[in-house]
J.: 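Supplied in structure tokens, the structure appears directly below.
Values in this document were obtained by computation on a predicted structure and should not be read as measured data. Every heavy atom of this structure was used, including side-chain atoms; hydrogens, water molecules and symmetry mates were not. One is the number of the first residue; the rest follow in order along the sequence.
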Amino acid sequence: MTLEQPLGSVVQGSLSQGLEVRLHPDVFVEDMRVGKFLVVQGMRSRFFCMLTDVSLGTGSPRILANPPDPNSFLQEVLAGTGTFGTINLTPMLMFTPGEGKGEERGVRGEGRGERSQGSGVRGQGLKPNSKLSSYSAQTSADIELLPVKTIPGHFSQVYDASERDFRAVFGWEDDPGRRNFAIGQPIDMAVPVCLDLDRFVERSNGVFGKSGTGKSFLTRLLLSGIIRKQAAVNLIFDMHSEYGWEAAREGKQFSTVKGLRQLFPGQVQIYTLDPDSTKRRGVRDAQELYISYDQIDVEDLMLVRGELNLSEASLENAIILRNEFGKAWITRLLAMSNGEIQEFCETKMGSKSSIMALQRKLNRLDELKYIRQTCPHNYVGQILESIEAGKHVVVEFGSQSNLLSYMLATNVIARRIHHAYVRKAEQFLQTKKVSDRPRQLVITIEEAHRFLDPSTVGQTIFGTIAREMRKYFVTLLVVDQRPSGIDNEVMSQIGTRITALLNDEKDIDAIFTGVSGAQSLRSVLAKLDSKQQALILGHAIPMPVVVKTRPYDETFYAEISEPAWEELPAAVVFKAAEAAKADLGV
């Protein structure tokens, strides 16, 4: 097997603490960056590792007591011998030819035979490594990567990861039978790092990072990949109107980037809670969306109790009103006079002061542009029909992006859609028909800690979705700058975590909830650049990796967007035309 020039040798380490590597004299310690992907060539296995720390070492403390003059001949003499660089590696995966494929016993037997010959075999250099030559001849689908349960021996050589290594671990976008999507590149190579989108959408996921680190751009990348690869259908609650038509690009000079509707005009539908704002921004073909009072339940008010300043007593009396008047309880309450409230409290054992306070505070809902007394049209049902038809839905809030407006509408819509999905999933479990299987749905929410904090997670539909995971074919994509505000139980269910720079210790601790080897990864996260870098770990990727995220620019548009009609095969165009005729009843 042909290998590049080694970077260093393993000098000590353990399975729990990782490996310590002494760099060779010709290797500059400044070229070693935290988060770098390296490989260690053992006697029988190849170990894929992440660089987690860099340090300086000396052969004698006397050198530090009397350091040489800068740029002196003595400094050059000491380099690599008296002074040297060391790096710490955390093994993440290993590849051993034959293991797991029925050949393990033969390989191990060959190893024992060579070892019995004593130091003569070891003196022959890389002869045992010849068993790894099959690695270069296999495709990424053939290579079986295993969890690390051992470590390489003393003086095993460390190498830069090659393109072949990246393909073996992270796959390629053109891998057959897999929906891989290139999320970015490693920090020191021009090769893609791919997410397995099938594994990504089957669990809830998170995009985290402090303000200004590019969370929205990361989320837009992921959503574009899901749409392009048809891995799932998306429902996006777009708080700041950044995902639908276009968004402002950060920088000194103002410019915009395309939204999902521009990239996929035939697959994305925009609904707006503020039609006037949407028209002013030049968004075309957006459909209006309204919510009526009879669609708001007490559980929705529990979520926004802080924004409405509702007391526990007011919520308890809201339950009494709902039990009495049913879905129309808010409309009836807002129309009640003081005398009617007094009479109601005398017969139903309610509290007049609490009900009057509830009435006064619910009047704030009239300020929301999308709230109606009654809605003759079922707008939420229309969204569900779009999802069932395979359309990706973006719900824009426009000027209605305050927390009260966002949290109320998001919870009301998601709760109804989730209930519909539960019914469909139960029907599918009964019939076992492929035609009855619901489309996998990914719901994207921003300011996720507002919905999933420990005090309210039990009252929101999003807490239910996060805990149920893929049971009912609905998962979450949460976008947040304060992961420490999310309930620990919910964070433990987050399958894949894509994290930009975080500074707060509590937020960093939250990211690694339920993650083994978190201590070594903390240093990696703390050293990320503030822009266009992220640490990815979890279910959709074989091992943690730091990536320079894919640029969201004209090149990306050309690679990801829908092909023009003239570029499609005639059969595809004909099929689409027939479907359009059927929709129009022609």
J.: So which atom in A448 and which in V478 form the shortest heavy-atom distance, rounded to 0.1 Å?
T.: CB-CB, 3.6 Å
J.: Do I486 and D453 make a side-chain contact, defined as non-hydrogen atoms from C-beta onward lying under 4.5 Å apart?
T.: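 The answer is no; the side chains never approach within 4.5 Å.
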J.: Any chance the rings of F451 and F462 have centres within less than 6.0 Å?
T.: yes
J.: Please determine, by modelled atom types, if Y271 and S386 share a side-chain donor-acceptor pair under 3.5 angstrom.
T.: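 Judged by distance alone, the side chains do pair up.
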J.: Could you grab the distance from atom CH2 of W329 to atom CD1 of I319, nearest 0.5 Å is fine?
T.: 9.0 Å
J.: Decide if atom CD of E173 counts as having more than 12 heavy atoms of other residues, nucleotides or ligands within a radius under 6.0 Å.
T.: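 Atom CD in E173 is packed in, count exceeds 12.
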J.: Measuring only between side-chain heavy atoms, which start at C-beta, is M92 closer than 4.5 Å to V169?
T.: no
J.: Can you sort out the partners of R220 under side-chain hydrogen bond (donor to acceptor under 3.5 Å, both in side chains), two or more places apart, ordered by chain and number?
T.: none
J.: So do V193 and Q185 actually touch side chain to side chain, heavy atoms under 4.5 Å?
T.: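 They are not in contact (no side-chain heavy atoms under 4.5 Å apart), so the answer is no.
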J.: Hey, are R482 and D507 close enough for a salt bridge, meaning a charged N less than 4.0 Å from a carboxylate O?
T.: yes
J.: Could you tell me whether the side chain of F397 reaches within less than 4.5 Å of the side chain of T410, counting heavy atoms only?
T.: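 A side-chain contact under 4.5 Å exists here.
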J.: Between K348 and E324, is there a salt bridge with N-O shorter than 4.0 Å?
T.: yes
J.: Taking it one step at a time, do S523 and D53 satisfy side chain to side chain donor-acceptor pair (under 3.5 Å)?
T.: CA-CA 7 Å; S523 62; D53 199 8; 5.9 Å; no
J.: Are E288 and K369 ion-paired here, with the side-chain N under 4.0 Å from a carboxylate O?
T.: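 A salt bridge is absent here (no side-chain N lies under 4.0 Å from a carboxylate O).
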J.: Identify, with sequence neighbours excluded, every residue that meets side-chain contact (heavy atoms from CB on, under 4.5 Å) alongside Q532.
T.: K548, T549, P551
J.: Are Q493 and E489 linked by a side-chain donor-acceptor pair shorter than 3.5 Å?
T.: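 Side chains of Q493 and E489: no pair found under 3.5 Å.
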J.: Salt bridge or not for D196 and R179, using N-O below 4.0 Å?
T.: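 Salt bridge: no.
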J.: Output the distance between atom CD (E312) and atom CG (N317), rounded to the nearest 0.5 Å.
T.: 11.0 Å
J.: Roughly how far, to the nearest 0.5 Å, is the CG atom of L218 from the OG1 atom of T213?
T.: 8.0 Å
J.: Working note: L365 + I296, criterion side-chain contact (heavy atoms from CB on, under 4.5 Å); need CA distance, chi angles, decisive distance, verdict.
T.: CA-CA 11 Å; L365 298 181; I296 301 175; 4.3 Å; yes
J.: Check whether more than 12 heavy atoms from other residues, nucleotides or ligands sit under 6.0 Å from atom NZ of K527, and answer yes or no.
T.: no
J.: How about CD on E340, more than 12 heavy atoms from neighbouring residues, nucleotides or ligands closer than 6.0 Å, or not?
T.: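 Yes.
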J.: Tell me, please, which residues at least two apart from D529 pass salt bridge (Lys or Arg N to Asp or Glu O under 4.0 Å).
T.: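 D529 satisfies salt bridge (Lys or Arg N to Asp or Glu O under 4.0 Å) with no other residue.
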J.: Determine, stepwise, if the pair M491 / L452 fulfils side-chain contact (heavy atoms from CB on, under 4.5 Å).
T.: CA-CA 9 Å; M491 279 299 295; L452 301 171; over 6 Å; no
J.: To the nearest 0.5 angstrom, please state how far the CD atom of Q295 sits from the OG1 atom of T374.
T.: 10.5 Å
J.: Tell me the closest heavy-atom pair linking L197 and A231, and the distance in Å.
T.: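 Taking every non-hydrogen atom into account, CB-CB, 3.9 Å.
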J.: Using a 6.0 Å cut-off, check whether atom NZ of K531 has over 12 heavy atoms from anything other than its own residue.
T.: yes
J.: Does D480 come within less than 4.0 Å of R450, counting only side-chain N to carboxylate O?
T.: no
J.: Taking the six-membered ring for Trp and the single ring otherwise, decide whether the centroids of F556 and F217 are under 6.0 Å apart.
T.: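 No: the rings miss the under 6.0 Å criterion.
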J.: Can you tell me how far OG1 of T219 sits from CG of D238, rounded to the nearest 0.5 angstrom?
T.: 10.5 Å
J.: What I want to find out is whether D198 reaches R178 closely enough, with some N-O distance under 4.0 Å, to be called a salt bridge.
T.: no
J.: How far apart are the C-alpha atoms of K391 and E385, what are their side-chain angles, what is the distance that settles it, and do they pass the salt bridge (Lys or Arg N to Asp or Glu O under 4.0 Å) test?
T.: CA-CA 9 Å; K391 297 281 188 179; E385 290 175 2; over 6 Å; no
J.: Return the minimal non-hydrogen interatomic distance between T496 and A540, and the atom names on each side.
T.: OG1-N, 3.0 Å
J.: Is L289 close to T272 at the side-chain level, that is, under 4.5 Å between some pair of heavy atoms?
T.: no
J.: I'd like to check the side-chain hydrogen bond (donor to acceptor under 3.5 Å, both in side chains) partners of D274; sequence neighbours left out, ordered by chain and number.
T.: S399
J.: Do H392 and Q269 have side-chain atoms, one donor and one acceptor, less than 3.5 Å apart?
T.: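 Per modelled atom types, H392 and Q269 side chains form no pair under 3.5 Å.
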J.: Any chance the rings of Y370 and Y290 have centres within less than 6.0 Å?
T.: no
J.: Can you see whether N234 engages Y243 through a side-chain donor-acceptor pair at a distance of less than 3.5 angstrom?
T.: no
J.: List the steps, then state whether side-chain contact (heavy atoms from CB on, under 4.5 Å) holds for L303 with L408.
T.: CA-CA 8 Å; L303 175 64; L408 181 63; over 6 Å; no
J.: Report the C-alpha distance between I291 and R372 in whole Å, list the side-chain angles of each, state the deciding distance to 0.1 Å, and finish with yes or no for side-chain contact (heavy atoms from CB on, under 4.5 Å).
T.: CA-CA 6 Å; I291 293 174; R372 296 288 185 270; over 6 Å; no
J.: State the CZ-NE2 distance between R423 and H418, to the nearest 0.5 angstrom.
T.: 11.0 Å
J.: Measuring only between side-chain heavy atoms, which start at C-beta, is N411 closer than 4.5 Å to I461?
T.: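 With C-beta onward as the side chain, the pair touches.
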J.: Check side-chain hydrogen bond (donor to acceptor under 3.5 Å, both in side chains) between N503 and all other residues, then give those that pass, not counting sequence neighbours.
T.: K210
J.: Go through it in stages, so that I can follow the logic: the residues are D366 and Y293, the test is side chain to side chain donor-acceptor pair (under 3.5 Å), and I'd like the CA-CA distance, side-chain angles, deciding distance and then a yes or no.
T.: CA-CA 10 Å; D366 282 334; Y293 280 128; 2.4 Å; yes
J.: How about F37 and F166: are their ring centres within less than 6.0 Å of each other?
T.: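 Yes, the ring of F37 comes within the 6.0 Å limit of the ring of F166, centre to centre.
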J.: Quick check on R332: does its CZ atom have over 12 non-hydrogen neighbours (other residues, nucleotides or ligands) under 6.0 Å away?
T.: no
J.: Is there side-chain contact between M356 and N338, with at least one heavy-atom pair below 4.5 Å?
T.: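 With C-beta onward as the side chain, the pair touches.
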J.: If I compare all heavy atoms of A425 with all of P438, which pair ends up nearest, and what's the gap?
T.: N-CG, 3.9 Å
J.: Quick check: Y557 with Y552 (ring centres under 6.0 Å apart)?
T.: yes
J.: Any chance NZ of K424 has more than 12 other-residue heavy atoms, nucleotides or ligands included, within less than 6.0 Å?
T.: no
J.: Return yes if a side-chain donor-acceptor contact under 3.5 Å exists between H449 and Q481, otherwise no.
T.: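 Short answer, no.
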J.: When M407 is tested against each of V304, I445, V412 for side chain to side chain contact (heavy atoms under 4.5 Å, CB included), which residue passes?
T.: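 When V304, I445, V412 are each tested with M407, the side chain to side chain contact (heavy atoms under 4.5 Å, CB included) holds only for V304.
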J.: Quick test of your reading of the model: are R281 and E396 salt-bridged, counting only N-O distances below 4.0 Å?
T.: yes
J.: What residues, two or more places apart in sequence or in another chain, satisfy side-chain hydrogen bond (donor to acceptor under 3.5 Å, both in side chains) together with E242?
T.: S216
J.: What I'd like to find out is whether the side chain of V380 reaches to under 4.5 Å of the side chain of I417, using heavy atoms alone.
T.: yes
